[in-house]
Participant: 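Let me begin by handing over the structure; questions about it come next.
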Amino acid sequence: MNQKDLEEKILNYLNNEDSLSKTAERIIDFLFHTKLKDLIPNQIQLPDISAFLPLFQNLKKLEEALATNPTTIYPYHTLGEGIDQKTGEALADFLTSLEVEPSAKLIEDLLKQKAFQDIIANIIESGIIEFNKKTNPLFGMIQATGLDKQIKSFIQLFLPNFMPKIANFLHSTSFGENSTLTKDMVLVALHTDFGELKLPSGEKLEEAKQKWEVLKNQIAVDSKLNSTISGAMTSVLTLTKAITKDESLFSLLQVPESEYIKFKKTMSIHFAKQTVQYAPKEEIKNLLVGILEEIGI
């Protein structure tokens with residue numbers, strides 16, 4: 001077959017919904033009915049991360065594209081406006097049901113950080129001062145001597161000893177069967193106006209670019225990171241094979257035959273219609289011609 005005839009056949013194929021639909025069905029059957037252990041390679045050996053870094057050398061055009069007004073992409077002021085209220089509540093209930101919560105030790109470790117200790121000390125200090133202003137007639141004299149300024153230092157001295165108790169209190173009152181903290185946090189996140197989020201200034205973005213360069217260069221020489229990623233992927237593949245054994249995706253999902261046929265038909269028709277409507281058919285044709293020539297057809 002000469003190249004002209006081959007190109008004509010490929011273009012006819014790309015404009016034929018029935019042929020495209022049959023191809024899609026064949027691919028879906030292959031993916032769903034082939035044993036997963038045969039689909040999954042024994043090992044995936046990726047190139048070092050440094051091989052991908054040149055792709056991120058010049059991001060100016062990408063930055064300009066991302067600088068587009070976000071309202072043209074998501075024309076709402078909150079995440080919740082883009083979904084039905086009942087969907088938001090169902091999402092909050094689902095996330096709450098997972099019961100992912102920090103341990104008391106994790107809360108304690110967070111509270112031990114200086115920023116949190118300063119916040120707690122300031123709250124206690126403000127409470128003591130306000131209470132004494134209203135109830136202690138001699139407090140004015142204490143302020144005159146400057147002793148009130150030592151309250152915070154006194155609090156900070158003893159605060160580390162109270163952190164375990166504070167952490168246990170927060171853990172016991174904020175999490176558990178009767179807690180609504182997770183659900184409340186999800187609902188707040190859904191209904192918080194994007195304007196409440198402080199975006200970085202131009203100066204901060206420039207600083208971030210410099211730090212990105214440092215990070216990128218460090219990743220390029222981090223052999224431990226490359227080894228970790230490779231080992232993790234191999235472990236996932238091994239575990240997946242061990243779990244699935246001789247199962248196919250079809251048998252693993254236990255999809256009723258009638259539902260599978262319906263799914264396959266819907267997906268194949270959608271693929272065919274989208275392909276026929278796809279504009280740059282010349283590019284696809286050239287790609288397929290090149291592949292077929294390499295195969296030797």
Side-chain angles (χ1 to χ4, degrees), residues 1 6-7 9-49 51-52 55 82-84 86-101 182 186 225-281 283-297:
M1 185 185 299
L6 180 61
E7 290 180 0
K9 281 183 174 296
I10 290 174
L11 280 176
N12 289 336
Y13 167 74
L14 292 174
N15 285 292
N16 188 315
E17 286 189 16
D18 289 338
S19 296
L20 289 166
S21 182
K22 288 177 182 176
T23 300
E25 288 189 14
R26 185 175 290 108
I27 293 171
I28 292 171
D29 279 335
F30 169 75
L31 293 175
F32 273 79
H33 290 293
T34 303
K35 291 178 181 179
L36 288 170
K37 70 175 185 180
D38 296 329
L39 283 177
I40 301 171
N42 291 323
Q43 187 175 11
I44 295 179
Q45 190 65 44
L46 291 174
D48 284 349
I49 296 176
F52 299 95
L55 300 174
I83 60 176
D84 189 87
K86 290 183 178 179
T87 304
E89 291 174 356
L91 173 63
D93 286 336
F94 165 69
L95 293 175
T96 302
S97 69
L98 296 176
E99 293 187 353
V100 178
E101 58 184 54
T182 302
V186 173
L225 176 59
N226 279 298
S227 175
T228 300
I229 293 174
S230 178
M233 292 190 68
T234 301
S235 297
V236 169
L237 293 175
T238 303
L239 179 62
T240 304
K241 283 196 168 192
I243 293 172
T244 56
K245 297 180 181 178
D246 290 331
E247 299 273 13
S248 66
L249 189 58
F250 178 80
S251 61
L252 190 68
L253 296 176
Q254 296 183 325
V255 185
E257 182 69 28
S258 59
E259 290 299 319
Y260 171 73
I261 293 172
K262 183 179 177 182
F263 161 79
K264 182 172 66 172
K265 200 71 179 173
T266 300
M267 295 301 295
S268 61
I269 290 173
H270 180 77
F271 167 78
K273 287 184 180 296
Q274 291 296 311
T275 304
V276 169
Q277 294 170 10
Y278 191 61
K281 288 194 177 66
E283 285 79 357
I284 300 178
K285 179 203 73 177
N286 293 336
L287 173 65
L288 293 176
V289 168
I291 292 172
L292 291 174
E293 285 179 347
E294 287 162 5
I295 292 173
I297 297 176

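We count residues from 1, following the sequence as given.
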Participant: Quick one: pull up CD in Glu89 and CD1 in Ile83 and give me the separation to the nearest 0.5 Å.
Facilitator: 9.5 Å

Participant: Mark yes or no for whether Lys35, through its side chain, and Glu247, through its backbone, hold a donor-acceptor pair below 3.5 Å.
Facilitator: no

Participant: Looking at Glu257, I'd like to know if its CD atom is crowded, meaning that more than 12 non-hydrogen atoms belonging to other residues, nucleotides or ligands lie closer than 6.0 Å.
Facilitator: yes

Participant: Can you measure from CD1 (Ile28) to OG1 (Thr266) and round to the nearest 0.5 angstrom?
Facilitator: 9.0 Å

Participant: How long is the span from the CG atom in Leu225 to the OG atom in Ser230, to the nearest 0.5 Å?
Facilitator: 11.0 Å

Participant: Hey, is Lys265 close enough to Glu25 for a salt bridge, meaning N to O under 4.0 Å?
Facilitator: yes

Participant: Evaluate the side-chain proximity of Ile10 to Leu292: yes if any heavy-atom separation is below 4.5 Å, no if none is.
Facilitator: yes

Participant: Do Phe250 and Asp29 have side chains that get closer than 4.5 Å, going by heavy atoms?
Facilitator: no

Participant: Evaluate whether atom NE2 of His33 has more than 12 neighbouring non-hydrogen atoms of other residues, nucleotides or ligands under 6.0 angstrom away.
Facilitator: yes

Participant: State whether the side chain of Lys281 and the backbone N or O of Val276 hold a donor-acceptor pair below 3.5 Å, judged by distance alone.
Facilitator: yes

Participant: Tell me whether Asn15 contacts the main-chain N or O of Leu11 through its side chain, where contact means a donor paired with an acceptor under 3.5 Å.
Facilitator: yes

Participant: Determine whether the side chains of Ser21 and Glu17 contain a donor N or O and an acceptor N or O closer than 3.5 Å.
Facilitator: no

Participant: Taking the side chain as everything from C-beta on, heavy atoms only, tell me whether Leu36 gets closer than 4.5 Å to Lys241.
Facilitator: no

Participant: Which distance, rounded to the nearest 0.5 Å, do you find between the CG of Asn16 and the OG1 of Thr23?
Facilitator: 9.5 Å

Participant: Distance-only, no hydrogens or angles: does the Thr34 side chain make a donor-acceptor pair with backbone N or O of Leu31 under 3.5 Å?
Facilitator: no

Participant: Between Phe30 and Leu39, is a side-chain contact (heavy atoms from CB on, under 4.5 Å) present by the stated rule, with each step listed?
Facilitator: CA-CA 9 Å; Phe30 169 75; Leu39 283 177; 3.7 Å; yes

Participant: Is a donor from one side chain sitting under 3.5 angstrom from an acceptor on the other, for Thr238 and Ser235?
Facilitator: no

Participant: How many angstroms lie between atom OG1 of Thr275 and atom OH of Tyr13, to the nearest 0.5 angstrom?
Facilitator: 7.5 Å

Participant: For the OG1 atom of Thr182 and the CZ atom of Phe94, what is their distance to the nearest 0.5 Å?
Facilitator: 12.5 Å

Participant: Is the ring centre of Tyr278 less than 6.0 Å from the ring centre of Phe271?
Facilitator: no

